[in-house]
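Please read these numbers as outputs of a predicted model, since none were measured by experiment.
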Amino acid sequence: MKKYTIAILAFVVLAIGGVFVFAQKRDAGAGTRGERPFGPPPFALEKIADELNLSDEQRAQIRQTLEAEKTKVQALMETARATHEQLKDLGTDGVFNEEKVNRLSAQQAETTRQLIIEKERTKAAVFAVLTPEQRTKAAELKNKFEEKMRGGFGRRFGRGGDSEPKF
């Protein structure tokens, strides 16, 4: 169960980060990755924005949407991290506390639900700015990305390639 919770959370984080792909321009003076808790690095954002041939107006609209959602998502991610930290130490003393596990797993499920809602809200807002041609191209880029992820990330969770999960 813990493997699937981590996998789902990782997927949600990557998916939310994926919407950032559409908006931001490369900033040579940008800080370290530590200042951005999720999402792809700036060079990937620039590359995809360029591949979609986004206008300056589209970039500005998408950037505004992403900034509006950023605070909500960051708070949810922090909640998810805190719950994960509490879950990871449970049972290491040899005692199973079902009440606490149920409470924390329900909390994590609710946080994941909220993250999915925010991701879908943001994705819809971003795609609303794109032209039909850009939407088609974005879907193609998303499929390529998912194929790459299945090749490397999926093996870690025992899907594809190896019969034993690698942890």
Side-chain angles (χ1 to χ4, degrees), residues 3-85 106-161 166:
K3 286 193 299 189
Y4 296 113
T5 301
I6 293 169
I8 289 168
L9 188 58
F11 172 76
V12 171
V13 171
L14 289 170
I16 290 170
V19 297
F20 285 90
V21 167
F22 299 112
Q24 299 185 5
K25 287 189 171 184
R26 189 174 191 176
D27 182 3
T32 65
R33 186 154 178 88
E35 294 172 2
R36 294 179 309 102
F38 51 86
F43 67 85
L45 300 173
E46 179 67 19
K47 180 180 177 188
I48 292 178
D50 289 344
E51 283 192 45
L52 292 176
N53 198 24
L54 296 180
S55 69
D56 289 340
E57 182 180 332
Q58 286 175 308
R59 289 175 195 245
Q61 286 178 308
I62 293 170
R63 193 174 298 111
Q64 183 179 18
T65 298
L66 297 176
E67 283 300 317
E69 292 295 318
K70 184 178 181 179
T71 305
K72 291 185 228 173
V73 171
Q74 284 179 331
L76 289 169
M77 291 302 299
E78 189 54 42
T79 299
R81 265 188 230 104
T83 304
H84 176 73
E85 286 299 313
Q107 182 179 336
Q108 194 73 322
E110 176 59 21
T111 302
T112 301
R113 185 186 72 79
Q114 291 174 6
L115 279 166
I116 291 169
I117 290 168
E118 292 305 321
K119 176 195 75 122
E120 292 302 320
R121 176 180 290 128
T122 304
K123 181 173 62 173
V126 167
F127 272 77
V129 173
L130 303 178
T131 66
E133 295 80 18
Q134 289 169 328
R135 289 179 189 154
T136 301
K137 180 70 174 177
E140 290 170 7
L141 293 172
K142 179 180 170 276
N143 289 338
K144 277 184 180 178
F145 174 76
E146 288 172 350
E147 277 299 315
K148 282 184 181 182
M149 292 307 292
R150 271 187 225 117
F153 188 70
R155 280 194 299 268
R156 223 176 283 160
F157 293 99
R159 295 184 304 271
K166 294 181 180 178

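- To the nearest 0.5 Å, atom CE of residue M77 and atom NE2 of residue H84 are 11.0 Å apart.
- Residues satisfying the side chain to side chain donor-acceptor pair (under 3.5 Å) criterion with T65, sequence neighbours excluded, are absent altogether.
- Rounding to the nearest 0.5 angstrom, the gap separating the OG1 atom in T111 from the CD atom in Q108 is 5.5 Å.
- Inter-residue side-chain proximity for N143 and E146 is flagged as met; some heavy-atom pair is nearer than 4.5 Å.
- Contact annotation: the side chain of L130 approaches that of I62 to within less than 4.5 Å [non-hydrogen atoms, C-beta and beyond].
- Using modelled atom types, one finds no donor on one side chain facing an acceptor on the other under 3.5 Å when comparing Q114 with E118.
- Using a cut-off of 4.0 Å between Lys/Arg side-chain N and Asp/Glu carboxylate O, R81 and E85 are scored as not salt-bridged.
- Residues I48 and L54 fail the side-chain proximity criterion, which asks for heavy atoms closer than 4.5 Å.
- Between E78 atom CD and T83 atom OG1 the span is 9.5 Å, to the nearest 0.5 Å.
- In this structure, CD in Q74 is found 13.0 Å from NZ in K72, a value given to the nearest 0.5 Å.
- No more than 12 heavy-atom neighbours from other residues, nucleotides or ligands sit within 6.0 angstrom of CD on Q64.
- Using a cut-off of 4.0 Å between Lys/Arg side-chain N and Asp/Glu carboxylate O, E147 and R150 are scored as salt-bridged.
- Between R59 and D50, at least one side-chain N (NZ, or NE/NH1/NH2) sits under 4.0 Å from a carboxylate O, which counts as a salt bridge.
- Considering only residues two or more places apart in sequence or on other chains, Q61 meets the side chain to side chain donor-acceptor pair (under 3.5 Å) condition with none of them.
- Counting heavy atoms from C-beta on, the side chains of Q134 and V129 never come closer than 4.5 Å.
- In this structure, CG on L115 lies 10.0 Å from CD on E110, to the nearest 0.5 angstrom.
- Once rounded to the nearest 0.5 Å, the distance linking OG1 of T136 with CG of L52 reads 10.5 Å.
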